[in-house]
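Report on one structure; see the data block that follows.
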Amino acid sequence: MRVLLIEDDQKTASYVVAGLTEEGHVVDHLPDGREGLIQASVGDYDILIVDRMLPSIDGLSLVKTLRGAKVKAPVLFLTAMDGVDDRVEGLNAGGDDYLVKPFSFAELSARINALARRPQLRAEQTVLKVADLEMDLIRRTVTRAGVRIDLQPREFRLLEHLMRTAGRVQTRTMLLEAVWNFHFDPQTNVVETHISRLRAKVDKPFDTDLIHTVRGAGYTLRAS
Amino acid sequence: MIRWRETIFARSTAVRLAAAMAILFAASITIAFLVAYWLVAQDLEARTRAQIEDDARTFSVIYENGGVQALTAQLRAHALSGGEDTLYSYARNGAAAGSRAGVFEQAFTGWRNISSDDLRDIEEDELADRYLAFGMALGDGTLMVARSTDAADEVREIMSGAMLWGLGIALLLVIAGTALFARRTEARLGGLAEALDAVAAGQLDRRAPADATSDDLGRVAGLINAMLDRLSQNVASLKQVSADIAHDLKTPIQHLRTTLEGLKRENDLDPRANAVVDEAIEQTDRIVQTFQALLRIAQIEGGSPRARFRPTDLAELGQAIAEAFQPAVEEAGHRFRSQIDDTKTLLVQGDRDLLAQMLANLLTNAIRHTPAGSDIALSLRAENSSAVLTVSDTGPGIPVEERERVFRRLHRLERSRTTEGSGLGLSMVAAVVDLHGGEIRLDDNAPGLKAVVRLPLTPG
């Protein structure tokens, strides 16, 4: 993927550039809002990572201007501010996701992957399939290797989300936002306990595990 | 039935003031009229009495000089010249000599008010309606003198008519005038109240309507606007300071985290060193969480999230929280019970994220501060115009004298020093409850703790 990083803090920037490059992305970095705005509107990027506080033009105005100029590339805001209004402001300005500093690289990486593939999601799909696991979204049923699995409504939504994002890492916070619509840290192992219950139903009775823990990052559902 | 508290009188000082003025004014006019009326009536009666006394004196002098013959002759002469307004009679042993118009049914001495019924009419329709009569013993008879008070009565009637009209017109004028005044004042106060409401709801840029007049209300409006300017400046600088702190503190923490993560990634650390680095990363996250929470509480207390309030269904939210927390509560070795009827919506005006965080903090507290095997319950019900959320546990509870203090920032009970947590959870809860115009109480669950949150339901 072609990634444009607009971030004035050199140390954070070089860390992000190194990490993303290592993962196989092509990353351009600019430390200034005005330069970043020009580069974002002329370059063809798959994703923009924009810090909210930037010299010359701040992140919010930059993204508003880009959206006004019909630049559609997904935007991930990086910010030191995590006020109660800040996330909403960021999303209203045209951002697609919001990551508060300090963040772990794993979180950043997972969110970028989620954002970049977002347009490919097929909402009209009524049956989701990963390996021998099948989910019928209309009849609200789940089977694995032909065996019916009974799930609670919230477990169903969690599994549905993992199947829709199969193969990609989902962090704890991403799951809290997507499945529970919680935009705060509940300070309790809400996600872990739900995953372990889901595993008991989806993985335990079968030979191979589909739900995997990615150390230091989160969870992913994949065939092997 | 209209209750007093709902009337315009209870709600508006201006209307109350105007009504009081109208009543006071009406009362003072009435008193002035009554005094005038009384004085005039007194004067009229005094004049009539003086005339009667004059007549009586004249007749008694005639009697003393000329005896009964002279008196009756004089009375007859008077009777011929007098009309129905003046009556005289001298009664002796039943025989009466009197005036032309009528004679008294009964003789008496002293003053009396009499009507035409007390007279025997001699010539039809010639009597006045009311008389003031005076009788005195003269020789072996009684001399009676009476004068009609009809003229005085008429004056009194005209006066009371004028008084009623005057009072009516004056009252109408006063009511119209005060209503106008009340409406104007009401409108100006209403403008002020509206602006203050909007500010309290988070719209810090709202101001009281500009008021050209320099009277007291105009001055108050000016002062309020000046205060609001200061307030929004303070909030703006608080925001700036928060943003600066966030930026200046978080950048080095981000660097620290980056360095630690880099250390792990670029070096093949042995498991012990790895664990130490993980611990260090976790501690940096804890630092961030704590001051993040402090900033959030400050923002919530500043009231700005009110601008984003929308109807939020507490039943749906409570159900979602209960579902989310059930496995975590049970994993921690507790029993969990949730009593929420999510088929009925319970709407409050609020911020879903903050309300969710409030409930999450209360449940997290219950999980952390109770020994395994406790019961933890979440319930929601409607009571009058409030939604009542209760999170209860059967743990050790909080001593009565500590219950107020636990809402303070960073306060922790002595026995909780070793458990996880920042000491900000309940401060955040209190700030969120306050932001939503609700109240929270910590009660004894006998045994355990019961946190009861009341939030005002959206009307309708």
Side-chain angles (χ1 to χ4, degrees), chain A residues 7-16 18-19 22 51-53 78-89 92 100-108 152-155 157-158 175-177 179-198 200 215-216, chain B residues 239 242-259 261-262 264-265 278 281 284-285 287-289 292-293 295-296 298-300 304-305 307-308 320-321 323-332 351-354 356-357 360-361 363-365 367-368 420-422 425:
Chain A
E7 159 69 85
D8 61 330
D9 180 49
Q10 194 54 48
K11 197 157 177 175
T12 306
S14 56
Y15 177 67
V16 170
E22 198 177 299
D51 190 70
R52 269 197 60 171
M53 282 201 247
L78 296 183
T79 182
M81 295 179 287
D82 181 29
V84 284
D85 309 318
D86 294 323
R87 195 180 60 85
V88 178
E89 269 176 20
N92 284 348
V100 179
K101 290 179 181 177
F103 53 85
S104 69
F105 181 76
E107 186 78 39
L108 176 78
Q152 304 277 322
R154 198 61 63 162
E155 292 168 342
R157 275 187 63 181
L158 176 59
L175 289 174
L176 282 170
E177 287 169 15
V179 180
W180 285 274
N181 193 19
F182 289 172
H183 299 277
F184 59 91
D185 182 355
Q187 310 263 321
T188 301
N189 47 355
V190 166
V191 176
E192 293 81 344
T193 49
H194 277 272
I195 289 277
S196 90
R197 290 198 172 189
L198 192 59
R215 256 188 66 75
Chain B
K239 270 189 180 163
S242 304
D244 288 349
I245 292 175
H247 189 262
D248 293 353
L249 260 172
K250 280 192 170 182
T251 307
I253 295 173
Q254 174 75 59
H255 292 169
L256 180 61
R257 216 183 181 292
T258 305
T259 311
E261 276 196 11
K264 268 181 65 172
R265 272 206 328 187
D278 279 343
I281 289 177
T284 56
D285 288 347
I287 295 171
V288 175
Q289 270 168 21
Q292 198 81 269
L295 284 177
R296 276 188 153 232
Q299 272 192 334
I300 294 167
S304 65
R308 276 209 324 273
I321 294 278
E323 269 179 37
F325 273 75
Q326 175 150 23
V329 175
E330 288 170 358
E331 197 109 320
D351 181 310
R352 189 184 189 275
D353 274 356
L354 292 177
Q357 189 162 9
N361 283 6
L363 282 172
T364 303
N365 258 4
I367 296 171
R368 278 190 190 153
E420 217 183 318
S422 58

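Letters A, B, ... are given to chains in the order of the sequence lines, protein chains preceding strands, and every chain is numbered from 1. Any value given below was found using the heavy atoms of this structure, including those in side chains, with hydrogens, waters and symmetry copies removed. Because the structure is predicted, anything quoted here is derived from the model rather than measured.
With chain A as partner, the option from Thr251(B), Ile367(B), Asp353(B) having the largest number of non-hydrogen pairs under 4.5 angstrom is Asp353(B). The residue among Ala320(B), Ala324(B), Ala360(B) with the most heavy atom pairs within less than 4.5 Å of chain A is Ala324(B). Annotation: maximal heavy-atom pairing with chain B below 4.5 Å, among Gly216(A), Ser196(A), Pro153(A), Pro186(A), occurs at Pro186(A). Of the listed residues (Asp185(A), Asn189(A), Asn181(A)), the one with the most heavy-atom contacts under 4.5 Å to chain B is Asn181(A). The most heavy-atom pairs under 4.5 Å with chain A, out of Gln292(B), Glu331(B), Gln289(B), Arg352(B), come from Gln292(B).
With a 4.5 Å cut-off on side-chain heavy atoms, Val16(A) and Leu108(A) count as touching.
Looking at Gln357(B), both its backbone and its side chain come within 4.5 Å of chain A, counting heavy atoms on both sides. For Glu192(A), no part sits under 4.5 Å from any heavy atom of chain B, backbone or side chain. Contact of Asp248(B) with chain A is not made at all, since no heavy-atom distance falls under 4.5 Å. Heavy-atom distances place the side chain of Arg197(A), and not its backbone, under 4.5 Å from chain B. If you measure heavy-atom distances from Ile253(B) to chain A, the contacts under 4.5 Å come from both the backbone and the side chain. Using a 4.5 Å cut-off between heavy atoms, Thr284(B) makes no contact with chain A at all. Contact of Thr364(B) with chain A is made through backbone and side chain together, with heavy-atom distances under 4.5 Å.
Ala328(B) approaches Thr193(A) most closely through the heavy-atom pair N-OG1, 3.4 Å.
Between the side chain of Arg368(B) and the main chain of Thr188(A), no donor-acceptor pair closer than 3.5 Å is present. Using modelled atom types, no side-chain atom of Arg52(A) and backbone atom of Thr79(A) make a donor-acceptor pair closer than 3.5 Å. Of the possible donor and acceptor atoms, one in the side chain of His194(A) sits under 3.5 Å from a partner among the backbone N and O of Glu323(B).
Ionic pairing of Lys250(B) and Asp9(A) is not present here: no N-O contact between side-chain nitrogen and carboxylate oxygen is shorter than 4.0 angstrom. Ion pairing between Glu7(A) and Lys101(A) holds under the 4.0 Å rule for side-chain N and carboxylate O.
A cation-pi arrangement, defined by a distance under 6.0 Å to the six-membered ring centre and an angle within 45 degrees of its axis, is present between Arg265(B) and Phe105(A).
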